[in-house]
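Here it is, the structure, as structure tokens.
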Amino acid sequence: MKRLKLYFHLIRMDKPIGILLLLWPTLAALWLAADGKPYWTLVAIFCIGTALMRSAGCAINDFADRDFDKHVKRTAERPLTSGRIAAWEAIAVALVLTVLSFLLILPLNALTKQLSVIAVIVAGSYPYFKRFFAIPQAYLGIAFGFGIPMGFAAVLATVPPAAWLLLLANVFWAIAYDTEYAMVDRDDDLKIGIQTSAITFGRYDVLAVMLCYLLSLGLVFAVGWQLGLRGWFGAGMLVALCCALYHYRLIRTRDRAGCFAAFRHNNWLGAAMFGGIALDYALR
């Protein structure tokens, strides 16, 4: 049981914010692709698959960063970094979770399975982008948003342009919220040489976050409007915009606690966007 508890913390099941940040855009894609009426079996598959793949990604991330995390106060006590589990155990956990997630999508069409392979490659390679890529959060946005084209593919057996625009919106959203997250660790990341958007943007970090929010929300609004969503969708987008403005209040002084609070609050921004989409379809 003690070992299972360590694995539980390895895959961050005690911190479900990461699952939710993947889940909201995935659910939005399913609702948009199915005109608000996705099969509940499909919803269940994607919900469970999102949790499994996010957990696998955490294990891979900790494996890749095991020599860096020991120098960051917030991550020094993670199970792998602190030596309480071995590196091979993190790989084994990631493999088991990945296989389970692939078994989930076996009933789905061939395109969805093909996209899942790309999703695994992107998720597995993301941690290494921090070694050289100036804004790895953009790559994270692809990894966190790949449920969008997969959701459209599962419903329509094709990926329309709207899905790719939503994926781009997710990239901007991920840059915004993960820059807030990176602002918490900026000093430690500078010491150990990891690239983050908070370092790349420098003194323009707050401005960059807010611009990314506007681009993300603008793209989602444009796609929803093009697909015929109106009143409740607009209300949800307005709530999401208010969330983004609230985040500005939290991060403008670059206080660590405020930046971390803004990152966590993105759950409500994502929930507002999805809620607006779901309500607009349900109350027609």
Side-chain angles (χ1 to χ4, degrees), residues 19-57 95 97-126 138-174 216-230 232-233 236-237 270-271 273-284:
I19 294 174
L20 294 170
L21 292 176
L22 272 79
L23 189 59
W24 295 128
T26 301
L27 291 177
L30 288 173
W31 254 252
L32 290 169
D35 290 327
K37 297 178 181 179
Y39 291 117
W40 288 105
T41 51
L42 200 59
V43 174
I45 287 171
F46 273 84
C47 285
I48 298 170
T50 294
L52 290 173
M53 283 308 301
R54 185 263 181 173
S55 299
L95 287 173
L97 293 173
T98 301
V99 170
L100 288 175
S101 65
F102 185 75
L103 292 176
L104 271 177
I105 65 168
L106 284 179
L108 305 184
N109 58 49
L111 179 58
T112 307
K113 296 187 185 76
Q114 291 164 5
L115 289 171
S116 75
V117 174
I118 300 174
V120 169
I121 293 171
V122 173
S125 58
Y126 160 69
Y139 197 71
L140 177 71
I142 299 173
F144 269 33
F146 223 77
I148 296 170
M150 286 182 64
F152 274 88
V155 175
L156 303 174
T158 187
V159 184
W164 299 117
L165 286 174
L166 289 173
L167 180 59
L168 179 61
N170 199 76
V171 168
F172 285 120
W173 185 33
S216 178
L217 294 174
L219 283 168
V220 173
F221 183 80
V223 170
W225 194 267
Q226 183 184 28
L227 295 177
L229 302 183
R230 293 295 184 266
W232 287 104
F233 169 67
M237 294 304 297
M273 288 194 288
F274 170 67
I277 292 169
L279 282 173
D280 202 272
Y281 280 118
L283 299 178
R284 285 182 175 183

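On a predicted model such as this, the values are computed, not experimentally measured, just so you know.
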Checklist entry - What heavy-atom pair brings L227 and L32 nearest, and what distance separates the two atoms? => result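 Heavy atoms only, the tightest pair is CD1-CD2, 3.9 Å.
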Item to check | N170 side chain to P25 backbone, donor-acceptor under 3.5 Å | outcome: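 No, the answer is negative, given that no donor and acceptor are paired below the 3.5 Å cut-off.
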Checklist entry - Say you draw a straight line from CE of M53 to CZ of F102; how long is it, rounded to the nearest 0.5 Å? => result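 One finds 11.5 Å between CE of M53 and CZ of F102.
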Next on the checklist: Parallel, tilted or perpendicular, judged at 30° and 60°: which one describes the rings of F221 and F233?
Outcome noted: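 Geometry flag for F233 against F221: parallel rings.
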Item to check | Side chains of R54 and L21 in contact at under 4.5 Å (non-hydrogen atoms) | outcome: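 No; the side chains remain at least 4.5 Å from each other.
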Checklist entry - Can you name the nearest heavy-atom pair linking L27 to V43, along with the distance? => result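 Looking at all heavy atoms of both residues, the closest pair is CD2-CG1, 4.1 Å.
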Checklist entry - Backbone N or O of W225 within a donor-acceptor pair of the R230 side chain at under 3.5 Å? => result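 Between the backbone of W225 and the side chain of R230 there is a qualifying donor-acceptor contact (under 3.5 Å).
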Next on the checklist: The test is ring pair (Phe, Tyr, Trp, His ring centres under 6.0 Å); show your working for W31 and Y281 and say whether it passes.
Outcome noted: CA-CA 8 Å; W31 254 252; Y281 280 118; 8.6 Å; no
Checklist entry - How close do A162 and V223 get, heavy atom to heavy atom, and via which atoms? => result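 What the structure gives for the nearest pair is CB-CG1, 3.9 Å.
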Item to check | Heavy-atom closest contact (P149 atom, A163 atom, distance) | outcome: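 Reported closest heavy-atom pair: CA-CB, 4.4 Å.
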Next on the checklist: If you compare all heavy atoms of S55 against all heavy atoms of L97, which two are closest, and at what distance to 0.1 Å?
Outcome noted: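 Of all heavy-atom pairs spanning S55 and L97, the closest is CB-CD1, 3.6 Å.
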Next on the checklist: Below 30° counts as parallel, above 60° as perpendicular, anything between as tilted: where do the rings of Y139 and Y126 land?
Outcome noted: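 Ring orientation, 0 to 90° scale: parallel.
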Checklist entry - Say you draw a straight line from CG of L108 to CG of L115; how long is it, rounded to the nearest 0.5 Å? => result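 Interatomic distance, L108 CG to L115 CG, rounded to 0.5 Å: 11.0 Å.
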Next on the checklist: Using side-chain contact (heavy atoms from CB on, under 4.5 Å), reason through L219 and L166 one step at a time and then give a plain yes or no.
Outcome noted: CA-CA 7 Å; L219 283 168; L166 289 173; over 6 Å; no
Checklist entry - Any side-chain heavy atom of L217 within less than 4.5 Å of one from M273? => result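 Result yes, sub-4.5 Å side-chain heavy-atom pair found.
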Item to check | Spacing of T158 atom OG1 and F152 atom CZ [to the nearest 0.5 Å] | outcome: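 Those atoms lie 10.5 Å apart.
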Item to check | Gap separating the CG atom of L104 from the CZ atom of F46, nearest 0.5 angstrom | outcome: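 That separation rounds to 10.0 Å.
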Checklist entry - Could you give the distance from OG1 (T50) to CD1 (I45), rounded to the nearest 0.5 Å? => result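 So the gap between those two atoms works out to 11.5 Å.
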Item to check | Least distance between heavy atoms, T112 atom then I105 atom | outcome: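 The pair with the smallest heavy-atom distance is O-CD1, 4.3 Å.
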Checklist entry - Would you find a donor on one side and an acceptor on the other, under 3.5 Å apart, between the side chain of D280 and the backbone of L229? => result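 Side chain of D280 to backbone of L229, a donor-acceptor pair under 3.5 Å: no, none is there.
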Next on the checklist: If I take atom CG from residue L20 and atom OG1 from residue T26, how far apart are they, to the nearest 0.5 angstrom?
Outcome noted: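 Between L20 CG and T26 OG1, I get 11.0 Å after rounding to 0.5 Å.
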